[in-house]
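See structure below.
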Amino acid sequence: MKTPLIQRLSAFLIRSRLIIISVLTGLIAATIAAIFLLTPTHSAIVTSRNLQAGDIVTADALTRTVSSYHLPPDSAQEINDLVGKRTRVDLPSGTVMRTAYTRPNPENNRSYDTLSLPVQDTTASLLSPGDFIDIYGPGICHDECPAQILTQHALVIEVINSQESTWGATQSSAIIIGIDPSDTSVVAGVPDPTTLTIVLRSS
């Protein structure tokens, strides 16, 4: 048998149930809103469809979204900075775009002179179209002098492997590069290409 106190409490809860439900609902909604408001968000550029390595990035392949996750330091900031470049790796739809995922499209660089250079197979295996390289030649006094820079930021347009190359056996691979016109005669004038040193740039 219920005591008068329990009976009065039960009656109060029954009469006030709508008020209690409303208060609890409000508290839950306020808690959820506070969580979203306090969680930092970041604007991110992501792929809107699957991209394969070597694809040219187009504006319709990208979209901007809001992410609550921490973005990598090299995440892309502007869609226009990516359009026209080639992808280095496969990128599934929804991938946050990083600058490391793309490289310049050689076809967009028309102001270069083109030059073919023989290279060792090991050197060719390290290069890909879209890479930038610096080329050094031997110093004037040869072994006693440091190498001298012949051209900087040359663009690798094509890498020709040993099966496709027509160079001699000692230089079985070749690269076709886009080079500043003012440096063309300097690089092409090196009598012995085996003395050239190629340095891959980070960008």
Quiz item: Is the shortest heavy-atom distance from the side chain of L91 to the side chain of V89 under 4.5 Å?
Solution: yes

Item checked: Side-chain donor-acceptor pair present, S173, N161, cut-off under 3.5 Å -> no

The salt bridge (charged side-chain N to carboxylate O under 4.0 Å, His left out) partners of D74 (sequence neighbours excluded) come to R98

Are the side chains of R88 and Y101 in contact, using a 4.5 Å heavy-atom criterion?
no

Checklist entry - Counting only N and O atoms by type, is there a donor-acceptor contact under 3.5 Å from the side chain of T99 to the main-chain atoms of A76? => result no

With sequence neighbours left out, the residues meeting side chain to side chain contact (heavy atoms under 4.5 Å, CB included) with S93 are N50

Residues pairing under salt bridge (charged side-chain N to carboxylate O under 4.0 Å, His left out) where one sits in residues 174-187, two or more places apart or in two chains, turn out to be none

I79 meets the side chain to side chain contact (heavy atoms under 4.5 Å, CB included) criterion, sequence neighbours left out, with I45, L62, V83

Sorted by chain and residue number, the side chain to side chain contact (heavy atoms under 4.5 Å, CB included) partners of D60 (sequence neighbours excluded) come out as R49, T58

side-chain contact (heavy atoms from CB on, under 4.5 Å) test vs L117 passes for just one of T123, I177, I179, namely I177

Could you walk me through whether I133 and I175 satisfy the side-chain contact (heavy atoms from CB on, under 4.5 Å) test, starting with their C-alpha distance in whole Å, then the side-chain angles of each, then the deciding distance to 0.1 Å, before giving a yes or no?
CA-CA 11 Å; I133 58 175; I175 57 173; 4.0 Å; yes

task: May I ask you to decide if T95's main-chain N or O and T47's side chain share a donor-acceptor pair within less than 3.5 Å?
output: yes

Query - Under 3.5 Å: donor-acceptor pair, side chain of E158, backbone of V156 - result: no

key: Evaluation steps, side-chain contact (heavy atoms from CB on, under 4.5 Å), between M97 and L82   = CA-CA 9 Å; M97 289 297 296; L82 300 171; 3.8 Å; yes

task = Please test I176 against L115 for side-chain contact (heavy atoms from CB on, under 4.5 Å), starting from the C-alpha separation and ending with a verdict.
result = CA-CA 6 Å; I176 297 176; L115 182 67; over 6 Å; no

T197 vs I135, test: side-chain contact (heavy atoms from CB on, under 4.5 Å). Steps then yes/no. CA-CA 6 Å; T197 300; I135 301 177; over 6 Å; no

Using modelled atom types and a 3.5 Å cut-off, is there a donor and acceptor pairing between side-chain atoms of R86 and backbone atoms of G54?
yes

Review point. Is a side-chain donor or acceptor of R103 paired with a backbone partner of P129 at a separation under 3.5 angstrom?
Key: yes

side-chain hydrogen bond (donor to acceptor under 3.5 Å, both in side chains) pairs touching residues 124-138, sequence neighbours excluded, are D134-R201

Between Q77 and R64 the two heavy atoms that sit nearest each other are O-NH2, 2.8 Å

Exercise. Any sub-3.5 Å donor-acceptor pair from T63's side-chain atoms to S48's backbone N or O?
Worked result: no

In terms of heavy-atom contacts, D113 and P181 come closest through OD2-CA, 3.3 Å

Discussion item. If hydrophobic clusters are built by linking Ile, Leu, Val, Met, Phe, Trp and Tyr wherever their side-chain heavy atoms come under 4.5 Å apart, do L200 and L196 end up in the same one?
Written reply: yes

Hits for side chain to side chain contact (heavy atoms under 4.5 Å, CB included) against V186, two or more places apart or cross-chain, chain-then-number order -> L150

